[in-house]
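The block underneath contains the structure these notes are about, expressed in structure tokens.
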Amino acid sequence: MEAYCSIAKSFGSFHVLGLLLLLFANAAAAAKTHYHDFVVCLCGSVLVLQKKKCAGWHGIRQMRTGWADGPEFVTQCPIRPGGSYTYRFTIEGQEGTLWWHAHSSWLRATVYGALIIHPREGSSYPFTKPKRQTPILLGEWWDANPIDVVREATRTGAAPNISDAYTINGQPGDLYNCSSKDTVIVPVDSGETNLLRVVNSALNQELFFTVANHKLTVVAADASYMKPFTTSVIMLGPGQTTDVLITADQPPARYYIAARAYASAQGATFDNTTTTAILEYKSAPCPAKGKSLPPVQPSLPAYNDTATASAFTTSLRSPSKAEVPTDIDENLFITVGLGLNPCPPKADHATAKQGIPGVFTTDFPAAPPVKFDYTGNVSRSLWTPVQGTRLYKLKYGSKVQVVLQGTSIFTAENHPIHLHGYDFYIVAEGFGNFDPKKDTSKFNLIDPPMRNTASVPVRGWAVIRFVADNPGVWLMHCHLDVHITWGLAMAFLVENGFGELQSISPPPTDLPVC
């Protein structure tokens with residue numbers, strides 16, 4: 001296995017692009033276990049070296065090892081400046097594309113990478129093996145220290161400045177004046193079929209992704225295989241991954257690989273630029289001396305094209321009959337949205353947002369204390385949220401259903417909701433207010449997609465199900481980092497079951513201290 005730290009140069013500054021991990025999944029108890037040591041090189045970035053940090057292993061289930069999950073002040077204290085910490089965990093029964101990132105403030109803006117789990121030895125993919133594989137990491141870039149950006153927003157109470165560019169594998173692409181010579185090139189041979197492992201590692205933006213004049217066959221999402229289907233565009237929320245097969249069946253030339261915003265919040269500012277890489281046929285005709293062969297332009301949806309985003313997410317299906325939990329033990333209804341907190345007199349926004357460290361309760365409500373028209377014209381009296389550090393307690397082995405209901409408080413938008421420590425089935429999604437009398441009939445209990453991050457539609461809802469078989473404290477939050485900064489998060493406390501194999505393992509002696 002190779003592990004490498006790649007330093008990419010963008011806008012005259014250095015940032016950490018990422019670590020690519022090639023791992024074998026332990027898909028069966030009798031399979032050989034492979035042990036890998038790797039080093040995350042936090043190199044070339046003053047931002048990272050001067051800050052406390054945690055690493056989050058996005059999508060890894062962390063069975064019984066919740067202390068290796070990564071969120072700072074939830075499952076561990078940050079690694080101190082100049083310090084180190086060895087994460088120890090076993091990957092069980094997972095294969096596909098996941099990723100890792102810093103899980104401390106906005107440090108993940110530049111500290112992230114792909115984490116690829118190959119099929120175990122002796123097995124293969126449930127599709128024809130591709131000729132080659134290319135990780136495509138979609139990122140977001142500020143011409144500023146991202147920590148300064150979020151601090152200024154916290155100080156003033158305003159929304160943070162939008163990014164200056166999106167990136168593909170650390171490079172904005174040649175539609176930006178300053179970076180055309182560094183555009184990422186993905187080479188292909190005519191006729192071959194390759195696998196693109198696409199990760200949305202952007203901080204605050206859902207993204208549409210396409211390759212000019214080429215069809216994409218979706219085969220996996222969030223390290224779960226899917227029933228293959230073909231599309232010209234995919235939509236990923238931050239934190240989500242999608243594996244697509246692409247066949248080089250077009251005339252030899254250069255074709256743009258492109259991504260730009262899916263912006264669902266009406267009236268909210270967003271970065272409307274487009275990042276590009278180039279799919280380059282090796283047999284493409286050579287341009288005249290001193291000239292360059294212009295790439296074929298892509299066709300991307302409109303920024304607010306919710307219909308295309310919804311058509312993509314609702315096309316995802318498990319490849320065969322899924323083991324969807326039935327006979328639900330815990331039926332939760334959780335609203336997802338924004339609110340407004342008034343600042344106390346003579347206090348800035350940062351003071352108003354501070355909680356009490358080290359204190360939590362287990363009385364997170366199973367349903368909103370007040371019922372209202374969640375996606376309608378909400379009374380201003382309901383715009384101020386109640387702050388707290390509340391968890392919801394689950395018994396080991398309980399079968400859980402969560403209705404994630406979007407709201408139109410302040411503004412409605414699509415929210416990518418990520419649950420740590422678990423995969424879950426998305427049994428349904430829709431628009432408007434969830435109505436159990438009508439919408440339960442829409443549940444797909446046969447082949448729903450399994451994911452770790454659900455895109456809750458703008459002015460809509462999504463329903464997820466999972467079995468609480470992983471003891472520990474597990475954060476559930478919006479993966480738009482600006483929203484988790486504002487507190488759009490909660491956590492489940494899953495109790496131990498019976499015996500060692502149903503109980504959380506003791507943490508290592510070198511776990512960072514606060």
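FYI, side chains are in, hydrogens and waters are out, and symmetry mates aren't considered; it's all heavy atoms of this structure.
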Quick check: do [X] and [Y] have side-chain heavy atoms less than 4.5 Å from each other?
{"X": "K393", "Y": "E495", "value": "yes"}
{"X": "R317", "Y": "P448", "value": "no"}
{"X": "W67", "Y": "Q76", "value": "no"}
{"X": "T231", "Y": "S315", "value": "no"}
{"X": "I334", "Y": "F364", "value": "yes"}
{"X": "H58", "Y": "N452", "value": "yes"}
{"X": "T90", "Y": "M63", "value": "no"}
{"X": "N194", "Y": "T134", "value": "no"}

Subject >> Passing option when R61 is tested against D423, D69, D469 for salt bridge (charged side-chain N to carboxylate O under 4.0 Å, His left out) >> reply: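 Result: among D423, D69, D469, D469 is the only option passing the salt bridge (charged side-chain N to carboxylate O under 4.0 Å, His left out) with R61.
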Taking atom [atom1] of [X] as the centre, report whether more than 12 heavy atoms of other residues, nucleotides or ligands fall under 6.0 Å from it.
{"X": "K442", "atom1": "NZ", "answer": "yes"}
{"X": "N272", "atom1": "CG", "answer": "yes"}
{"X": "F410", "atom1": "CZ", "answer": "no"}

Subject >> Minimum heavy-atom distance T313-S455, with the two atoms named >> reply: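 Result for this residue pair: CG2-CB, 4.5 Å.
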Original post:
T308 and P301: which non-hydrogen atoms are nearest, and at how many Å?
Top reply: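 T308 and P301 have their closest heavy atoms at CG2-CG, 3.9 Å.
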Subject >> Between H477 and H483, ring centroids under 6.0 Å >> reply: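 For H477 and H483, the ring centres are not under 6.0 Å apart.
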**OP:** List in chain and number order the residues that pass side chain to side chain contact (heavy atoms under 4.5 Å, CB included) with S310, two or more places apart in sequence or in another chain; answer none if no residue qualifies.
**Re:**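 So S310 forms a side chain to side chain contact (heavy atoms under 4.5 Å, CB included) with T314, E429, F431.
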Original post:
Would R108 and D481 count as a salt bridge (Lys or Arg N to Asp or Glu O under 4.0 Å) if you check the C-alpha gap in whole Å, the side-chain angles of each, and the deciding distance to 0.1 Å?
Top reply: CA-CA 9 Å; R108 81 167 181 86; D481 274 35; 3.1 Å; yes
Original post:
Between R451 and F424, is NZ or CZ placed under 6.0 angstrom from the six-membered ring centre and within 45° of the ring axis?
Top reply: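 Here R451 fails the 6.0 Å and 45° test against F424.
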**OP:** With rounding to the nearest 0.5 Å, note down the distance linking CH2 in W106 to CG in L203.
**Re:**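 Answer for the CH2-CG pair, W106 versus L203, is 5.5 Å.
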**OP:** Working to the nearest 0.5 Å, report the span between CD of E330 and CZ of R465.
**Re:**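 One finds 13.5 Å between CD of E330 and CZ of R465.
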**OP:** Please name all residues satisfying ring-ring contact (aromatic ring centres under 6.0 Å, His included) with F127, sequence neighbours left out, ordered by chain then number.
**Re:**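 Applying ring-ring contact (aromatic ring centres under 6.0 Å, His included) to F127 gives Y125.
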Subject >> All ring-ring contact (aromatic ring centres under 6.0 Å, His included) counterparts of F209, not counting sequence neighbours >> reply: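 Partners of F209 under the ring-ring contact (aromatic ring centres under 6.0 Å, His included) test: none.
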Original post:
Is a salt bridge present between D329 and K399, judged by a nitrogen-to-oxygen distance below 4.0 Å?
Top reply: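 So D329 does not pair with K399 through a salt bridge.
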**OP:** If a pair satisfies ring pair (Phe, Tyr, Trp, His ring centres under 6.0 Å) and one of its residues is in residues 372-403, list it, with sequence neighbours excluded.
**Re:**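 Output for this query lists F333-Y374, F372-Y374.
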**OP:** Output every pair passing salt bridge (charged side-chain N to carboxylate O under 4.0 Å, His left out) with a member in residues 408-417, not counting sequence neighbours, ordered by first then second residue.
**Re:**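 Residue pairs passing salt bridge (charged side-chain N to carboxylate O under 4.0 Å, His left out), neighbours aside: none found.
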**OP:** Please list, chain by chain and in numerical order, all residues satisfying salt bridge (charged side-chain N to carboxylate O under 4.0 Å, His left out) with D249, sequence neighbours excluded.
**Re:**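 Partners of D249 under the salt bridge (charged side-chain N to carboxylate O under 4.0 Å, His left out) test: none.
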